[in-house]
Number of protein chains: 2
Amino acid sequence: METTWDEQLRTAGLRVTRPRLAVLAVLEQHPHVDADTIATAARAVHPSISPQAVYGVLKALVGGGLARRIEPAGGPALYELRVGDNHHHLVCRECGVVADVDCVVGAAPCLTPSDAAGFVVDEAEVVFWGLCADCQVARSQHGYGTNSAIRGGVRA
Amino acid sequence: METTWDEQLRTAGLRVTRPRLAVLAVLEQHPHVDADTIATAARAVHPSISPQAVYGVLKALVGGGLARRIEPAGGPALYELRVGDNHHHLVCRECGVVADVDCVVGAAPCLTPSDAAGFVVDEAEVVFWGLCADCQVARSQHGYGTNSAIRGGVRA
DNA sequence: CTGTTTTCTTGACTGAGTCAAGACAATGCC
DNA sequence: GGCATTGTCTTGACTCAGTCAAGAAAACAG
């Protein structure tokens, strides 16, 4: 990371505030987290931060192009700092962990559906669903009964 | 459609009930609808159906493999009857309309990320975001100010 | 037709997120 | 550095989608 968060915020026309820097610091350490986890972690740096402030900050960051919001089905929205490169995600059905994948078939072909039905497409979102390495092990050990569903364990 | 809904339900081990048939009828007419719209439309056939019943029916149908649930970011879940063929979706950023797209690059390559990071992938979900034909027209006419956001107009 | 079991109805509840009003703090100017 | 102007944060009420639980009703088996 060359440019500082200060600069990036200012470039986006946003003021530099403690809550924003706190949220950015959390996102830097945890690549894919939900708003609630961010709030908890950010409180270590800036104790008085409120949940709503986190929503506000995240909306500002997403609006300013510093963060990206992803919404895997069946769970709360997650945020990440990797923006601008069109990459995709692997999501674990069991624990909800998210991993990045670089664009599937090279640069942009994944942006071109075979028949666009009159739509002007500007983004292709790809989510791969499966089982992460840890959950594969857990499943084969405990004898596939550990279905703790997605919700909850998204801490990445 | 060769087999009747009656048979399909029974094959899935589900009882044949009025609410279920009503929901199936609605889904047959409207390819991509949210639970609330289904409830409203189903009431035309079976007036006493409750919203919760719709949730229950949909869960049963999805569980039995008769319907599929999709959850586009920023809106409620939608349901469709096309199951078994791995097809994808085009979603309009403006009005939320959803259209089907057949699998992008042929059969299954879209199921293989370049690097799976130890995940065992069993499904690839692709969503193309853009503007539907109608909203393109509306935007060019009214002079791109008609941002009514997604929420609400999903009636497909 | 009767009994059993699934499914539907009714109602209370949760969790994620939004909206609005006022307090506070960051930038720009003197 | 001090002050005014905005933009941002805090607090609190609220919405919407969806879940959970208990009892009533309906579907299938005999």
Side-chain angles (χ1 to χ4, degrees), chain A residues 5-24 33-40 42-43 45-64 66-67 69-79 96 149-154, chain B residues 5-7 9-24 33-40 42-43 45-64 66-67 69-79 96 148-154:
Chain A
W5 292 128
D6 279 54
E7 296 175 52
Q8 296 221 38
L9 284 168
R10 263 183 262 268
T11 306
L14 298 168
R15 289 187 177 172
V16 180
T17 67
R18 283 182 129 287
R20 284 177 182 169
L21 294 173
V23 167
L24 285 167
V33 270
D34 59 287
D36 192 56
T37 306
I38 293 173
T40 308
R43 232 163 257 133
V45 184
H46 181 122
S48 77
I49 200 171
S50 67
Q52 286 75 351
V54 173
Y55 284 118
V57 168
L58 289 170
K59 191 180 278 188
L61 295 181
V62 171
L66 300 209
R69 174 186 178 128
I70 59 176
E71 299 184 42
L78 306 178
Y79 296 86
I150 275 190
R151 219 155 265 281
V154 190
Chain B
W5 292 129
D6 279 53
E7 295 176 51
L9 284 168
R10 262 184 263 269
T11 306
L14 298 168
R15 289 188 177 171
V16 180
T17 66
R18 284 183 128 288
R20 283 176 183 169
L21 294 173
V23 168
L24 285 167
V33 269
D34 60 287
D36 192 56
T37 306
I38 293 173
T40 308
R43 233 162 257 133
V45 184
H46 181 120
S48 77
I49 200 171
S50 66
Q52 285 75 351
V54 173
Y55 284 118
V57 168
L58 290 170
K59 190 178 278 187
L61 295 180
V62 171
L66 301 208
R69 173 186 178 129
I70 59 176
E71 298 183 43
L78 306 179
Y79 295 85
S148 59
I150 275 186
R151 217 153 268 282
V154 189

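In the text below, chain A, chain B and the rest are named by the order of the sequence lines, each starting its count at 1.
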Exercise. Does the C/dT5 base have a donor-acceptor partner in the side chain of B/R15 within less than 3.5 Å?
Worked result: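 Per atom types, the contact qualifies.
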Whole-Å distance between [N] [atom2] and [X] [atom1]?
| X | N | atom1 | atom2 | value |
| --- | --- | --- | --- | --- |
| B/L58 | C/dT7 | CG | C1' | 14 Å |
| A/L78 | C/dA16 | CG | P | 11 Å |
| B/L21 | D/dA27 | CG | P | 10 Å |
| A/D34 | C/dG15 | CG | C1' | 11 Å |
| B/L14 | D/dC28 | CG | P | 11 Å |
| A/W5 | C/dA26 | CH2 | P | 20 Å |

Exercise. Pick from B/I38, B/L66, B/T17, B/V45: which one makes a side chain to side chain contact (heavy atoms under 4.5 Å, CB included) with B/V23?
Worked result: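 So the option named by the test is B/I38.
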Determine: side-chain N/O of [X] to OP1/OP2 of [N], distance under 4.0 Å, yes or no.
| X | N | result |
| --- | --- | --- |
| A/R69 | C/dG17 | yes |
| B/R20 | D/dA27 | no |
| A/H46 | D/dT8 | no |
| A/S48 | D/dC9 | no |

For this session: Show your reasoning for whether side chain to side chain contact (heavy atoms under 4.5 Å, CB included) applies to A/L21 and A/D6.
Result: CA-CA 8 Å; A/L21 294 173; A/D6 279 54; 4.0 Å; yes
Problem set entry | B/A60 to B/L14 - nearest heavy-atom pair and separation |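 Scanning both residues completely, I find the closest heavy atoms to be O-CD1, 3.7 Å.
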Exercise. Counting N and O atoms only, with roles assigned by atom type, does the side chain of B/R20 sit under 3.5 Å from a partner on the main chain of B/R15, one being a donor and the other an acceptor?
Worked result: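 Here the side-chain-to-backbone pair exists.
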Name the nucleic acid region contacted by [X], choosing base, sugar-phosphate or nothing; use a 4.0 angstrom heavy-atom cut-off, strictly under.
| X | result |
| --- | --- |
| A/A77 | sugar-phosphate |
| B/T17 | sugar-phosphate |
| A/R18 | nothing |

Exercise. CG of B/L78 to CD1 of B/I70: how many Å apart, nearest 0.5 Å?
Worked result: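 Those atoms lie 5.0 Å apart.
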Problem set entry | Most 5' of B/Y55 and A/Q52 on DNA chain D, judged by nearest nucleotide |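 Whichever sits nearer the 5' end wins; that is A/Q52.
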Exercise. Closest nucleotide of DNA chain C for A/R10 versus for A/E71: which of these residues is on the 5' side?
Worked result: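 Whichever sits nearer the 5' end wins; that is A/E71.
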Exercise. Which of these nucleotides, D/dG18, D/dT10, D/dC20, is closest to any side-chain atom of A/A53?
Worked result: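 Comparing D/dG18, D/dT10, D/dC20 against the side chain of A/A53, the answer is D/dT10.
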